[in-house]
Amino acid sequence: MLKHGAAKLPSTKTKKSKKSGLPSTGWIDISVPLSDGMLHWPEDPPIEIKRVIDMKNGDEYNLTHLSMAAHAGTHMDAPCHFRRSGLSIDKMPLTASMGKARVIEIEDNEFINVEEIRPHRIRRGERILFKTKNSTRKWINKPFNKKFVHLSIEAAKFLAQREVQTIGIDYLSIGGYEGNVIEVHDIILKAGIWVIEGLDLSKIEPGNYDLVCLPIKIAKSDGAPARALVRPI
Ligand SMILES: [Zn+2]
């Protein structure tokens with residue numbers, strides 16, 4: 001006769017995430033939360049996220065109203081941001097932001113420059129996310145940092161020549177606020193490269209990942225907020 005509990009079944013336990021209790025999928029969220037009054041590009045309209053119908057006030061349900069630029073928080077730029085005839089965000093091929101991606105760490109305090117990225121042997125069709133000092137500075141905190149790390153014009157030309165598919169950066173723009181913002185966007189978007197801006201790569205080591213980044217499907221828009229995730233390979 002078996003004692004109670006003597007016959008052990010194989011464990012069916014899976015790794016669970018501490019917070020949610022759900023099985024961990026290995027995906028890491030690299031997008032920032034959109035919140036009322038959060039940091040934004042100085043010339044863009046403010047980000048307003050307000051409860052306009054509120055159960056706290058006796059209403060029967062909650063409803064939030066959003067008002068912001070399409071380039072708020074973590075977002076993607078479409079070619080039509082800088083080209084009249086360029087594709088809009090709703091026409092983006094899903095392969096632009098879903099698939100293998102490489103996180104490259106940049107040491108320079110000012111620029112992503114050619115000298116630093118050349119040794120990484122960037123190839124045609126790659127999706128490259130640049131982890132810069134912007135991530136260690138917790139860029140989402142105010143005030144807006146006019147000196148954030150961004151692409152040099154030469155590096156933008158280099159990436160265009162390499163025909164990468166997509167690039168991502170850990171600040172609100174691939175180009176600098178006080179210098180080359182127009183030129184860098186012009187070079188990259190004219191080359192048909194898709195752009196993810198406003199990433200949080202602070203917890204991400206350089207290396208190879210699966211990437212999923214899906215911008216909201218806003219008809220004819222030059223950009224859209226996005227949720228971005230990576231999973232180490
Ligand atoms: Zn943008």
Side-chain angles (χ1 to χ4, degrees), residues 29-35 37-49 66-94 96-98 101 106 111-112 127-132 134-135 137 139-140 142-153 155-156 159-160 164-201 211-229:
D29 195 339
I30 53 168
S31 34
V32 298
L34 279 174
S35 64
M38 78 182 282
L39 181 83
H40 60 87
W41 192 256
E43 281 72 36
D44 287 0
I47 295 156
E48 293 175 354
I49 304 179
L66 309 176
S67 172
M68 60 192 178
H71 299 251
T74 306
H75 69 276
M76 288 194 70
D77 284 4
C80 79
H81 192 27
F82 274 77
R83 270 177 70 197
R84 280 170 194 247
S85 57
L87 288 180
S88 50
I89 201 74
D90 51 319
K91 300 288 190 310
M92 183 185 86
L94 294 176
S97 59
M98 290 179 74
I106 300 297
F111 291 108
I112 300 168
R127 304 174 192 89
I128 304 286
L129 309 180
F130 292 109
K131 178 182 181 176
T132 74
N134 301 329
S135 277
R137 289 177 196 144
W139 70 260
I140 197 169
K142 288 180 178 178
F144 182 83
N145 173 15
K146 293 181 179 173
K147 303 270 184 218
F148 62 88
V149 185
H150 57 277
L151 285 171
S152 70
I153 290 177
L159 293 166
V164 298
Q165 186 170 190
T166 305
I167 56 171
I169 193 164
D170 49 2
Y171 206 80
L172 287 169
S173 171
I174 50 171
Y177 182 71
E178 286 174 325
N180 64 17
V181 63
I182 304 285
E183 292 95 324
V184 164
H185 275 87
D186 210 42
I187 294 162
I188 292 292
L189 294 171
K190 274 186 182 155
I193 298 169
W194 293 86
V195 175
I196 314 171
E197 294 170 327
L199 291 170
D200 174 9
L201 297 174
L211 167 73
V212 173
C213 175
L214 293 174
I216 303 172
K217 196 171 183 177
I218 306 175
K220 297 179 185 166
S221 182
D222 43 81
R227 192 76 182 255
L229 311 169

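Order of listing sets the numbers, starting from 1, for every ligand and every atom in it.
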Legend entry - Criterion side chain to side chain donor-acceptor pair (under 3.5 Å) against Tyr177, the qualifying member of Lys146, Lys147, Glu43: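 Of the listed options, the one satisfying the test is Glu43.
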
Mind listing the side-chain donor-acceptor pairs of residues 80-93 below 3.5 Å, one per line with the distance, residues two or more places apart or on another chain?
{"from": "Ser88", "atom 1": "OG", "to": "Asp90", "atom 2": "OD1", "distance (Å)": "2.6"}
{"from": "Asp90", "atom 1": "OD1", "to": "Lys220", "atom 2": "N", "distance (Å)": "3.1"}

Legend entry - Test item: Thr74 side-chain N/O and Val32 main-chain N/O as donor-acceptor pair under 3.5 Å: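 Confirmed, Thr74 side chain pairs with Val32 backbone.
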
Legend entry - Rounded distance [0.5 Å steps], CD1 in Ile153 versus CD1 in Ile188: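 That separation rounds to 11.0 Å.
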
Legend entry - Atom of Gly175, atom of Phe148 and distance for their closest heavy-atom approach: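 Minimum heavy-atom contact is O-CZ, 3.1 Å.
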
Legend entry - Tyr171 ring center near Phe130 ring center (under 6.0 Å): no

Inset, instruction - Using a cut-off of 2.8 Å, find all protein N, O or S atoms closer to the Zn ion (ligand 1) than that distance. - result: His71 ND1, His75 NE2, Asp77 OD1, Glu197 OE1

